[in-house]
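Remember, predicted model here, so these are calculated numbers, not experimental data. Note on naming: letters A, B, ... go to the chains in the order of the sequence lines (proteins, then strands), and numbering restarts at 1 for each one.
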Amino acid sequence: MARYNAKDSEKRWQQAWDGASTFLTPTDATRPKCYVLEMFPYPSGRIHIGHVRNYTMGDVIARFKRAQGFNVLHPMGWDAFGLPAENAAREKGVNPRDWTYANIAAMRDQLKLMGLSIDWSREFATCDPAYYRHQQKLFLDFYKEGLVYRSEADVNWDPVDQTVLANEQVIDGKGWRSGAPVERRKLSQWFFKITAFSDDLLTALDTLDRWPEKVRLMQKNWIGRSEGMRFSFALSNGRDLEVFSTRPDTLFGASFVALSPDHPLTEELAAKDPKMAAFVAECRRVGTAEEAIEKAEKLGYDTGLTAAHPFDANWKLPVVVANFVLMGYGTGAIFGCPAHDQRDLEFARKYKLAVLPVVIPEGADPKTFEVGDEAYVGPGRLANSRFLDGMSVEDAKDEVAKRLEAAGRGTRTVNYRLRDWLVSRQRPWGCPIPMIHCAKCGVVPAKASDLPIKLPDDIAFNVKGNPLAAHPTWKHTSCPRCGGEAVRDTDTLDTFVDSSWYFARFCDTTAADPVDRAAVDYWLPVDQYIGGIEHAILHLLYARFFVRAMKQAGYVKLDEPFAGLFTQGMVCHETYKDKSGAWLAPDEVEKRDGKVFLKGSGEPATIGPSEKMSKSKKNVVAPETIIDIFGADTIRWFMLSDTPPERDIEWTDEGADSCWKFVQRIWRLVSEAEGLPPPGAAIAAVDGAALELRRATHRAIAAVTEDLASLRFNRAVAQIYAFANAISGADVPGAVRREALETLVLLIGPMMPHLAESCWEALGHRQFVANTSWPVSDAALTASDTVTIAVQVNGKLRGTIEVAKDADKAVVETAAFALDTVARALDGKAPRKVIVVPNRIVNIVA
RNA sequence: GGCCCCGUGGCGGAAUUGGUAGACGCAACGGACUUAAAAUCCGUAGUUCCGAAAGGAACGUGCCCGUUCGAGUCGGGCCGGGGCCA
């Protein structure tokens with residue numbers, strides 16, 4: 001029999017599935033539904049191996065669920081707006097749309113080579129006006145619902161290129177193209193009011209029991225709920241200053257009051273004090289990243305004002321501007337208690353302010369307890385705090401809150417770290433924001449009937465500033481309210497918006513509204529979502545927000561978009577360098593005796609650690625090359641083998657070879673089988689080797705089914721290897737062999753679909769494996785009537801016994817004591833105790 | 001610094017959730033087939049020690065301690081690696 005020709009076979013089956021519309025989404029009302037979705041790709045131009053791993057897993061689940069009788073929705077699309085297209089446009093002079101669609105076409109071809117069970121009729125790109133028109137409608141609806149507002153916010157401004165930069169375009173505080181120092185500028189921008197759902201986004205995490213614990217924890221930390229108080233200090237200039245604190249209990253340890261450099265009061269004071277203005281400017285140079293602010297030296301500027309302690313009008317605290325106080329958190333002003341907050345402590349030490357401990361840990365003496373370089377943030381009893389002395393931290397918080405509330409100086413509040421989502425981007429390749437600026441009427445929403453507001457086809461990229469704003473005609477329009485001259489908002493939406501609801505659009509890509517109500521009611525939530533951990537926070541949080549906003553706007557009735565989430569690991573590869581330290585690609589080196597050499601020249605090279613495949617380190621393997629050599633089934637099998645799916649997997653040539661060998665082995669096993677009865681032949685009662693093979697068959701069904709259902713692909717693969725070994729080793733012909741081979745083929749079906757079809761055909765079937773039901777194991781065959789029981793003496797294994805399943809305790813004990821090894825281990829001593837765990841183990845304690 | 005996750009053969013990893021540690025795969029070694037190689041097939045294999053061999057013994061899941069008849073699995077404390085938040 002000829003070797004399996006993956007190339008011919010895969011092409012043939014892909015065409016056959018296509019021709020029969022096999023993977024169009026079925027809507028058989030008698031079946032349950034299953035929505036399987038992988039995070040859709042950015043059309044960079046080529047599929048990388050991380051995509052292959054992601055889509056292989058999704059495809060296995062989709063095919064498995066199909067075979068189990070579900071209506072499966074398994075779509076694919078393109079997250080198609082974004083910076084790379086703009087860069088290509090600027091550098092190569094191409095139209096970003098043309099560039100993007102050419103990439104999509106190339107990547108679609110590559111994906112199709114993988115033989116994925118995708119319903120391609122539902123494909124769309126987020127840069128299609130047919131998609132983003134609905135996104136514009138959602139924006140208008142959210143606006144109506146009060147979930148969209150306009151506010152001033154800082155942006156990174158490149159003074160040379162006269163353009164707003166994305167955070168990732170700021171490198172070491174400088175514009176990535178111009179190299180000019182980036183400035184912070186205030187612009188009026190659009191926000192989504194995600195904080196309206198802070199509490200719900202947090203508490204609903206508990207309902208997501210099919211999400212990784214890690215992701216839920218990350219989201220929880222990101223939302224960052226903390227309970228505290230807002231209260232005010234009376235300032236020496238006659239005004240009140242409101243601060244936020246999570247530690248009102250430490251109020252008697254206060255040494256200073258600090259304002260954010262961005263606080264309105266700071267700005268007011270700086271207007272009259274050039275030195276303060278200079279200090280504020282210095283603070284802003286650090287950038288907006290919290291981490292940078294945290295690591296920077298704590299600096300302050302004395303305003304000359306004082307603040308009266310809320311519980312002692314004669315106690316005056318200095319008011320300073322401090323670089324570590326964030327405007328976005330709380331009120332942008334704090335009171336500093338150095339003994340119990342690390343940042344306050346560093347600040348106090350620098351400026352020689354008092355450090356008075358007011359919370360004393362259990363067992364320490366309030367008279368002698370001191371704080372050194374580390375603030376004390378643990379529990380304890382209050383001291384040096386007048387009426388709070390002796391209280392626990394919790395009681396003291398309560399007491400302070402009660403008194404401040406009674407005095408009308410403060411309120412208890414819950415504060416969240418989560419901020420509203422700034423969605424305006426001053427970028428030309430994105431979804432236009434459907435708002436219009438009229439000199440008379442102000443900011444006016446576009447009419448729904450005018451959607452989509454399409455991007456112009458002729459965007460000039462080599463201009464200063466935002467190309468959309470610079471376009472000669474695009475922004476000019478008439479006011480939807482008064483009909484007078486007006487201009488469009490020239491900002492576009494953050495591309496995270498595009499990916500926040502695409503899963504809902506897939507339910508019906510032809511709907512006249514953003515979503516079809518019946519379709520989303522049926523298909524959502526996504527039953528299994530798969531993607532990288534890098535989206536653990538933003539993308540998933542934004543999608544969760546969108547579902548809530550869409551629910552409020554009346555589009556959906558569900559609470560959460562993704563019932564099941566799986567985050568897969570990365571694909572890694574060894575790294576190589578030549579003697580000058582330059583990176584070498586895997587195909588530039590050859591291995592001999594565990595050492596690597598430059599291919600051709602024989603010059604030695606060094607092997608570095610295995611790292612995530614990346615262009616910069618050149619440790620990449622092109623999926624299309626692997627598919628060309630071995631076929632898609634081999635690369636799919638590799639992606640599922642050995643390593644648990646959530647962990648990083650290492651690509652090795654040896655591993656790929658062994659997968660290829662297994663493809664051939666299965667083909668041989670099936671195609672060389674002789675004397676099989678025709679399909680559907682009945683199996684007579686059997687015993688001996690034939691019965692053993694039947695048992696192996698049904699145990700394999702049970703094990704693989706369970707492993708696939710719980711996404712333990714590596715275990716399913718191991719089970720299949722073991723089963724293939726059992727078939728090879730069994731000299732059993734006839735109907736029992738047919739049953740075993742057919743089972744093997746059906747079990748590999750979701751993982752190696754092309755090979756499975758070829759084998760199925762070779763076994764005489766006319767129907768696709770893709771249309772064949774998943775096998776069901778026979779419980780009578782998975783259970784065996786004898787069991788092997790381990791026998792221990794004093795916890796150490798001394799032998800095993802073979803007894804009938806559920807055998808009598810006495811029978812088991814007798815068999816255990818009959819073992820020579822047991823007698824030897826006992827060495828004449830009488831057993832004190834015998835523990836018998838049915839069907840498992842006997843432990844004799846002597 | 002806080003919180004979380006992970007440490008098992010030469011390697012990737014299994015282990016019925018407290019019950020025979022090392023399944024399955026890679027690499028390795030021995031053999032068969034072959035003029036030879038590739039491919040394929042059969043076999044060996046945690047470590048150390050005893051034995052000519054059959055076989056046997058001790059040790060063994062990062063380290064220490066504990067709970068238990070029994071611990072890779074549970075608890076406490078270290079060490080190392082990674083992640084998130086600071």
In whole Å, what separates the [atom1] atom of [N] from that of [M]?
N: A28(B); M: G12(B); atom1: C1'; answer: 16 Å
N: G30(B); M: U20(B); atom1: P; answer: 35 Å
N: C11(B); M: C85(B); atom1: C1'; answer: 34 Å
N: G46(B); M: A37(B); atom1: C1'; answer: 34 Å
N: C3(B); M: G13(B); atom1: P; answer: 28 Å
N: C33(B); M: U47(B); atom1: C1'; answer: 35 Å
N: G62(B); M: A71(B); atom1: P; answer: 15 Å
N: G72(B); M: C49(B); atom1: C1'; answer: 25 Å

Check ion pair [X]-[Y] (N to O, under 4.0 angstrom):
X: E692(A); Y: R695(A); answer: yes
X: R349(A); Y: E346(A); answer: no
X: R694(A); Y: D778(A); answer: no

Restricting to pairs with a member in residues 803-820 of chain A, which pass side-chain hydrogen bond (donor to acceptor under 3.5 Å, both in side chains), not counting sequence neighbours? D806(A)-N839(A)
Non-neighbouring partners of [X] that pass ring pair (Phe, Tyr, Trp, His ring centres under 6.0 Å), sequence neighbours left out:
X: F545(A); answer: F192(A), F197(A)
X: H698(A); answer: none
X: Y576(A); answer: none
X: F566(A); answer: none

Distance-only criterion, 3.5 Å: show the donor-acceptor pairs between side-chain atoms of residues 786-794 of chain A and protein atoms not counting sequence neighbours.
{"unit_1": "T786(A)", "atom_1": "OG1", "unit_2": "E802(A)", "atom_2": "OE2", "d": "3.1"}
{"unit_1": "T788(A)", "atom_1": "OG1", "unit_2": "E802(A)", "atom_2": "OE1", "d": "3.0"}
{"unit_1": "N794(A)", "atom_1": "OD1", "unit_2": "A846(A)", "atom_2": "N", "d": "3.0"}

Distance check: side-chain N/O of [X] vs OP1/OP2 of [N], anything under 4.0 Å?
X: N714(A); N: A14(B); result: yes
X: K214(A); N: C5(B); result: no
X: N221(A); N: G83(B); result: no
X: R832(A); N: C69(B); result: no

Just checking, any donor-acceptor pair under 3.5 angstrom between side chains of [X] and [Y]?
X: Y416(A); Y: T195(A); value: no
X: R544(A); Y: Q219(A); value: yes
X: S226(A); Y: T246(A); value: no

Indicate yes or no: at least one non-hydrogen side-chain atom of I835(A) is less than 4.5 angstrom from one of V842(A). no
When E654(A) and L217(A) are each assigned the nearest nucleotide of RNA chain B, the 5'-most assignment goes to L217(A)
Please evaluate residues T697(A) and T743(A) with respect to the criterion side-chain hydrogen bond (donor to acceptor under 3.5 Å, both in side chains), reporting the C-alpha separation (whole Å), side-chain torsions for both, the decisive distance (0.1 Å), and the verdict. CA-CA 7 Å; T697(A) 299; T743(A) 299; 5.2 Å; no
Applying a 4.0 Å non-hydrogen cut-off, can you work out what N794(A) is touching in the nucleic acid: base, sugar-phosphate, or nothing? nothing
All heavy atoms of I701(A) vs all of S777(A), minimum pair found to be CG2-N, 3.5 Å
Minimum heavy-atom distance A333(A)-L259(A), with the two atoms named: CB-CD2, 4.0 Å
From the list G13(B), C69(B), C24(B), which nucleotide is the closest neighbour of the side chain of A718(A)? C24(B)
Each nucleotide N or O in nucleotides 54-65 of chain B that has a protein N or O under 3.5 Å away: list the pair and distance.
{"unit_1": "G56(B)", "atom_1": "O3'", "unit_2": "R824(A)", "atom_2": "NH1", "d": "3.3"}
{"unit_1": "C59(B)", "atom_1": "OP2", "unit_2": "K796(A)", "atom_2": "NZ", "d": "3.0"}

Whenever both distances are under 3.5 Å in a Watson-Crick or G-U wobble pair, mark it; put RNA chain B into dot-bracket that way, with [ ] for crossing pairs and | when the partner is on another strand. (((((((..(((......[....))).(((((.......))))).(((((....)))))..(((((..]....)))))))))))).
Atom CD of E534(A) and atom P of C84(B) are separated, to the nearest Å, by 11 Å
For H573(A) and G12(B), what is the distance between atoms NE2 and P respectively, to the nearest whole Å? 16 Å
Can you establish whether the number of heavy atoms outside E227(A) located under 6.0 Å from its atom CD is more than 12? no
Would you tabulate the side-chain donor-acceptor contacts of residues 721-731 of chain A under 3.5 Å, counting partners in other chains and residues two or more places apart, or write 'none'?
{"unit_1": "Y721(A)", "atom_1": "OH", "unit_2": "W637(A)", "atom_2": "NE1", "d": "3.2"}
{"unit_1": "N725(A)", "atom_1": "OD1", "unit_2": "R665(A)", "atom_2": "NH1", "d": "3.2"}
{"unit_1": "N725(A)", "atom_1": "OD1", "unit_2": "R665(A)", "atom_2": "NH2", "d": "2.8"}
{"unit_1": "S728(A)", "atom_1": "OG", "unit_2": "R665(A)", "atom_2": "NH2", "d": "3.1"}
{"unit_1": "S728(A)", "atom_1": "OG", "unit_2": "A724(A)", "atom_2": "O", "d": "2.9"}

N-glycosidic conformation, G51(B) - syn within 90 degrees of 0, else anti: anti
Syn or anti conformation of U40(B), syn meaning chi within 90° of 0: anti
Can you build the contact string for nucleotides 16-21 of chain B? Use B for base contact, S for sugar-phosphate-only contact, and - for no protein heavy atom under 4.0 Å. B--BB-
Those residues of residues 204-212 of chain A lying under 4.0 Å from RNA chain B by at least one heavy atom: none
What pairs of nitrogen or oxygen atoms, one from the protein and one from nucleotides 40-49 of chain B, lie under 3.5 Å apart?
{"unit_1": "U40(B)", "atom_1": "O3'", "unit_2": "R668(A)", "atom_2": "NH2", "d": "3.3"}

